**Q** 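For reference, the structure I am asking about is given below.
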Amino acid sequence: MPKNSLNVSLKGADDIFSTEESRQEQQREQVQQIPIGELFPFKNHPFKVLDDESMQRTVESVEQYGVLSPLIARPRPEGGYEIISGHRRQHAAQLAGLDALPVIVRQMDDDAAVLLMVDSNLQRENILPSERAFAYKMKLEALKNQGARSDLTSDQVGQKLWSVEQVASDAGESKTQIQRFIRLTNLVPELLDLVDEKKISFNPAVELSYLDEKQQRDFLEAMNDTQNAPSLSQAIRLKKLAQEGKFTYEAAFAVMGEAKKDELDKVVIKNDTLKKYFPRSYTPKQMEDTIIKLLDQWQRKQQRQNER
C-alpha cells in the first residue's frame, strides 16, 4: 500500500444520519414537563395577573384542554425556573389543579429575558396604563444595557435616543408617548391605581407625575376631600405650583375645589335616583323619553299660567 494513502474509516449510513439527527435535536428547543412548584414569577414582573372574568375563561379552557401553548422559562441559580412568558397560564393551571406544565427552557441573560418578557406580554389586548409604563421602562433599560447602538461613533445620549426610538417603533407609538407612559412610573401606587381604574385620566396623570411624593400625597388628600378628579388644566396648574415652590395641601384643595366648566354646563342625574320613579323594565332610553314628555307638559303648563 502506498505510504501517502489515507487510513479512512467509513461510517455506515445509519451512523451518519443518527449523528446529524442528534445534532439537530440538541439545537432544537425541547418542551419539558416542569412541576408547577418549580416555576417562579419573573422578578419585578410589571403585568398584573388578575382573577377576573378573562382568567376564569382561561381556567375553564385549561381544565378542558390543558395548557396548549408552552411557557418560556430560564433556570434560576438558586434552583427552579423563572417564568419569562406565561404567568397567566401558570396561574390558571394552579387554579385548575395541574401538577406540571409544558415549558421551553432557555438560557438567557437578564436583558434578553426582559425584552422577551415585555414583548410577549404587550401582545395582549387589554393592558393597564401602569403595565405599559413599567414595561416600557424595563425594555428601555434593557436595550440601553445591551448597547442598542454599538457603533463607535455613538455617545450615551445618542444611544438613549436610539433606544427610545426602538421601544416606540416596536410598540407602534411615538417617542413622546413612550416617554409620557414612563413618566407614570413616578406616581405613588395609590395614584397609579386611580389611573388604572380610570378615575384619573392619562394626560392629567402625566402632569401630576412631576410632583414629588409628599406633594402627590397632599394632592390625593385634596382630591378625596373635594371629591373631584383633576382636569388637565388643573393638573398643569398643580405642576406649576410645585415648580414654583408654592405647592401646599391648601393650594391643591383650592384648585381641586373649583367647579369645572363642563360641570357648569350639564346636569347629571344618577341612574339609581331615576330608577326609583320608573318600572324595572324601563331602559335608559325609555326613561329619557318619559322625562322629556313630562318636561314638555310642565313647560306648557307654565306658559298657560304666564298668559293669564
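Here the structure is a predicted model, which is why all the values come from computation and not from measurement.
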**Q** Would you check if the side chain of Gln216 reaches a backbone N or O of Val188 as a donor-acceptor pair within less than 3.5 Å?
**A** yes
**Q** Looking at every non-hydrogen atom in both residues, tell me the closest pair between Asn121 and Phe47 and how far apart they are.
**A** CB-CE1, 3.3 Å
**Q** Just wondering, do Met55 and Val49 contact through their side chains at under 4.5 Å, heavy atoms?
**A** yes
**Q** Just one of Leu115, Val114, Asp111, Leu143 clears the side chain to side chain contact (heavy atoms under 4.5 Å, CB included) bar with Met138, so which one?
**A** Val114
**Q** Can Leu122 be reached from Ile84 by stepping across I, L, V, M, F, W or Y side chains whose heavy atoms are under 4.5 Å apart?
**A** yes
**Q** In the structure I gave you, are the side-chain heavy atoms of Tyr277 and Ile291 within less than 4.5 Å of one another anywhere?
**A** no
**Q** Atom CD of residue position Glu53 - does it have more than 12 heavy atoms of other residues, nucleotides or ligands inside 6.0 Å?
**A** no
**Q** Should Met256 and Asp225 count as side-chain neighbours, where that means a heavy-atom distance under 4.5 Å?
**A** no
**Q** Transitive ILVMFWY cluster of Leu232 at side-chain heavy atoms under 4.5 Å: who else is in it?
**A** Ile236
**Q** Using a strict cut-off of less than 4.0 Å between a Lys/Arg side-chain nitrogen and an Asp/Glu carboxylate oxygen, indicate whether Glu131 and Lys48 qualify as a salt bridge.
**A** no
**Q** Hydrophobic clustering (ILVMFWY, side-chain heavy atoms < 4.5 Å, transitive) - are Val167 and Leu184 grouped together?
**A** yes
**Q** Does the side chain of Thr248 reach to within under 4.5 Å of the side chain of Asp218, using non-hydrogen atoms?
**A** no
**Q** Would you mind reporting whether Val195 and Ser130 have side-chain heavy atoms less than 4.5 Å apart?
**A** no
**Q** Please check this pair: side chain of Asp196 against backbone of Leu128, looking for a donor-acceptor N/O pair closer than 3.5 Å.
**A** no
**Q** Going by heavy atoms in the side chains, are Met223 and Leu194 under 4.5 Å from each other?
**A** yes
**Q** Using the rule given for side-chain contact (heavy atoms from CB on, under 4.5 Å), can you reason through Ile36 versus Gln90, listing the C-alpha separation, both sets of side-chain angles and the distance that settles it, and then say yes or no?
**A** CA-CA 8 Å; Ile36 200 166; Gln90 187 248 9; 4.3 Å; yes
**Q** Atom CD of Gln94 and atom NE2 of His91: how far apart are they, to the nearest 0.5 Å?
**A** 7.0 Å
**Q** Can you see which heavy atom on Phe247 is nearest to which on Ala252, and at what distance?
**A** CZ-CB, 3.9 Å
**Q** Dump the intermediate steps for side-chain contact (heavy atoms from CB on, under 4.5 Å) on Thr185 and Ile182, then the final yes or no.
**A** CA-CA 6 Å; Thr185 63; Ile182 293 176; 4.3 Å; yes
**Q** If I compare all heavy atoms of Ala171 with all of Ile178, which pair ends up nearest, and what's the gap?
**A** CB-CD1, 4.2 Å
**Q** Test side chain to side chain donor-acceptor pair (under 3.5 Å) on Ser174 and Thr176 and set out the steps.
**A** CA-CA 5 Å; Ser174 67; Thr176 300; 4.7 Å; no
**Q** State plainly whether the residues Lys144 and Glu141 are in salt-bridge range, i.e. N to O under 4.0 Å.
**A** yes
**Q** Mind running side-chain contact (heavy atoms from CB on, under 4.5 Å) on Tyr81 and Val103 for me, showing each step along the way?
**A** CA-CA 10 Å; Tyr81 301 87; Val103 180; 5.8 Å; no
**Q** Going from CD on Glu165 to CG on Asp170, what distance comes out if it is rounded to the nearest 0.5 angstrom?
**A** 12.0 Å
**Q** Examine Leu241 and Leu211 and state if one hydrophobic cluster contains both, with Ile, Leu, Val, Met, Phe, Trp and Tyr joined whenever side-chain heavy atoms are less than 4.5 Å apart.
**A** yes
**Q** Using 4.0 Å as the upper bound for N to carboxylate O, is an ion pair formed by Arg76 and Glu82?
**A** no
**Q** Between Lys43 and Asp110 (salt bridge meaning N to carboxylate O under 4.0 Å), is one present in this structure?
**A** no
**Q** Is the Phe202 ring parallel, tilted or perpendicular to the Phe181 ring (thresholds 30°, 60°)?
**A** tilted
**Q** Is there a donor-acceptor pair under 3.5 Å between the side chain of Glu38 and the backbone N or O of Pro35?
**A** no
**Q** Looking at side-chain heavy atoms only, is the closest gap between Ser85 and Met117 below 4.5 Å?
**A** no
**Q** Does a side-chain N-to-carboxylate-O contact under 4.0 Å join Lys293 and Asp289?
**A** no
**Q** What's the spacing between Arg74 CZ and Met108 CE if we round to 0.5 Å?
**A** 8.0 Å
**Q** Is the backbone N or O of Ser61 less than 3.5 Å from a side-chain atom of Gln64, with the two atoms forming a donor-acceptor pair by type?
**A** no
**Q** Do Arg88 and Thr58 have side-chain heavy atoms sitting under 4.5 Å apart?
**A** yes
**Q** Start with the C-alpha distance between Asn203 and Arg180, add both sets of side-chain angles, then the distance that settles side-chain contact (heavy atoms from CB on, under 4.5 Å), and finish with yes or no.
**A** CA-CA 9 Å; Asn203 289 330; Arg180 284 162 61 77; 2.3 Å; yes
**Q** In Å and rounded to the nearest 0.5 Å, what is the CG to CG distance from Leu208 to Asn186?
**A** 12.0 Å
**Q** Please check if atom CG in Asn224 has more than 12 non-hydrogen atoms from other residues, nucleotides or ligands closer than 6.0 Å.
**A** yes
**Q** Using only atom types and a distance under 3.5 Å, with no angle test, would you say the side chain of Arg183 pairs donor to acceptor with the backbone of Val206?
**A** no
**Q** What's the shortest heavy-atom distance between Gly79 and Phe40, and which atoms?
**A** O-CE1, 4.2 Å
**Q** At their closest point, which heavy atom of Ala229 faces which heavy atom of Gln234, and how far apart are they?
**A** O-OE1, 3.8 Å
**Q** Taking Arg237 for its side chain and Val255 for its backbone only, find out whether a donor-acceptor pair lies under 3.5 Å.
**A** no
**Q** Identify whether Phe42 and Leu39 are in the same connected component of the hydrophobic contact network (ILVMFWY, side-chain heavy atoms under 4.5 Å).
**A** no
**Q** Under 4.0 Å between a Lys/Arg side-chain N and an Asp/Glu carboxylate O for Glu213 and Arg217?
**A** yes
**Q** With rounding to the nearest 0.5 Å, note down the distance linking CG in Leu191 to CD1 in Ile200.
**A** 5.0 Å
**Q** Give the cluster check for Ile83 versus Leu98: same hydrophobic cluster or not, with ILVMFWY residues linked at side-chain heavy-atom distances below 4.5 Å.
**A** yes
**Q** For the residue pair Pro230 and Pro204, what are the closest heavy atoms and their distance?
**A** O-CG, 3.7 Å
